[in-house]
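What follows is a single structure, written as structure tokens, with notes after it.
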Amino acid sequence: MTSEQTLHNDNKNILQGLESADSVKIIETLEELRVSGRATDIPLLIELLHLTQDSEIKSKITGLFANLKESNAIPLIIEAIQNQKYAPELKELVSSCWENGLDYSNYLTLFVDLLIVNEFLVAFEAYTVITNMTAKIDQQKIDIEIDKLEEALKWTNEQKKELILDVIDFLPSIGF
């Protein structure tokens, strides 16, 4: 057996621990994933986050997402954010995007939309993702998002107006 196959089997054995009925076993498995986890484990972890009622398990999973360092994890997190099924976990999923420090600038439009249409806590997390972006974004795209935000100012609540105004001020600094 190649070392690649051995790693795959080890990972498969670890992931089976997530299916345990024993929360202690699940938590131990999550600790193992902190060291040996892969981006491909994310969909399974998102599903577990969605299904579990255990606050410690939820906390461990969100901690894993906050510490992601592989950019191939980005599309998997984005897919979950866009999936209505995971709406109850939206705040945690969006906050992991700024906490892990990966580059989500290709998804500026998504985060602007999240800022505009969601309740304050999710909007604040989206705001934080946007204002932590450092990659340069095409000025035309920036202008489109600013227009959308200015339109939203007409009907949004006072709490979110401040966030939107901040983003309108911030976006030109990352345009090129």
Side-chain angles (χ1 to χ4, degrees), residues 30 33 37-53 55 57-176:
L30 291 169
L33 286 175
R38 301 176 166 163
T40 52
D41 304 336
I42 290 173
L44 187 62
L45 291 169
I46 290 169
E47 189 63 20
L48 180 59
L49 179 66
H50 179 67
L51 295 174
T52 189
Q53 296 304 311
S55 59
I57 291 172
K58 283 185 182 288
S59 174
K60 292 277 185 204
I61 294 170
T62 55
L64 285 172
F65 291 165
N67 290 299
L68 289 172
K69 297 301 171 222
E70 297 175 42
S71 57
N72 59 344
I74 294 171
L76 299 167
I77 296 289
I78 294 297
E79 191 177 316
I81 288 171
Q82 293 172 317
N83 187 335
Q84 237 0 81
K85 175 182 178 181
Y86 301 119
E89 293 75 39
L90 189 58
K91 180 185 170 295
E92 290 78 11
L93 291 169
V94 175
S95 70
S96 74
C97 295
W98 64 264
E99 289 171 333
N100 64 39
L102 294 172
D103 178 11
Y104 291 87
S105 57
N106 288 339
Y107 302 95
L108 173 64
T109 301
L110 171 65
F111 290 104
V112 166
D113 292 346
L114 290 169
L115 169 60
I116 292 170
V117 302
N118 283 281
E119 47 90 23
F120 183 78
L121 291 175
V122 172
F124 185 76
E125 299 298 345
Y127 159 86
T128 308
V129 174
I130 295 166
T131 56
N132 278 290
M133 288 181 180
T134 56
K136 293 295 181 189
I137 298 174
D138 180 81
Q139 189 61 47
Q140 203 172 5
K141 190 173 186 178
I142 298 276
D143 293 342
I144 290 167
E145 297 310 314
I146 289 174
D147 288 347
K148 202 188 315 178
L149 288 161
E150 286 175 342
E151 189 59 35
L153 278 174
K154 296 175 185 172
W155 53 265
T156 197
N157 66 40
E158 285 305 312
Q159 219 179 7
K160 281 181 22 183
K161 271 188 182 159
E162 287 304 312
L163 299 179
I164 291 172
L165 287 168
D166 271 3
V167 170
I168 291 170
D169 286 346
F170 168 78
L171 287 177
S173 73
I174 58 171
F176 71 86

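Residue numbers run from 1 in the order of the sequence given. Computed from heavy atoms alone, side chains included, the values below leave out hydrogens, waters and symmetry copies.
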Pairs involving residues 108-134, ordered by first then second residue, that meet salt bridge (charged side-chain N to carboxylate O under 4.0 Å, His left out) (sequence neighbours left out):
K91-E125, D113-K148
Applying ring pair (Phe, Tyr, Trp, His ring centres under 6.0 Å), which residue pairs with at least one partner in residues 154-175 are found, sequence neighbours left out?
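Matches after skipping sequence neighbours: none remain.
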Is any side-chain heavy atom of [Y] closer than 4.5 Å to one of [X]?
| X | Y | result |
| --- | --- | --- |
| L108 | L171 | yes |
| L115 | V129 | no |
| T109 | I144 | no |
| F111 | T128 | no |
| L110 | Q82 | yes |

Look at atom CD of E47 and say whether more than 12 heavy atoms of other residues, nucleotides or ligands are closer to it than 6.0 Å.
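Counting other residues, nucleotides and ligands, CD of E47 exceeds 12 neighbours.
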What is the minimum heavy-atom distance between [X] and [Y], and which atoms define it?
| X | Y | value |
| --- | --- | --- |
| N72 | A39 | OD1-CB, 3.4 Å |
| A135 | I174 | O-CB, 3.7 Å |
| L90 | N118 | CD2-OD1, 3.5 Å |

May I ask you to check whether Q139 and D143 show a side-chain donor-acceptor distance below 3.5 Å?
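Side chains of Q139 and D143: pair found under 3.5 Å.
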Under the ring-ring contact (aromatic ring centres under 6.0 Å, His included) rule, collect the residues that match up with Y127, sequence neighbours excluded.
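ring-ring contact (aromatic ring centres under 6.0 Å, His included) list for Y127, sorted by chain: F124.
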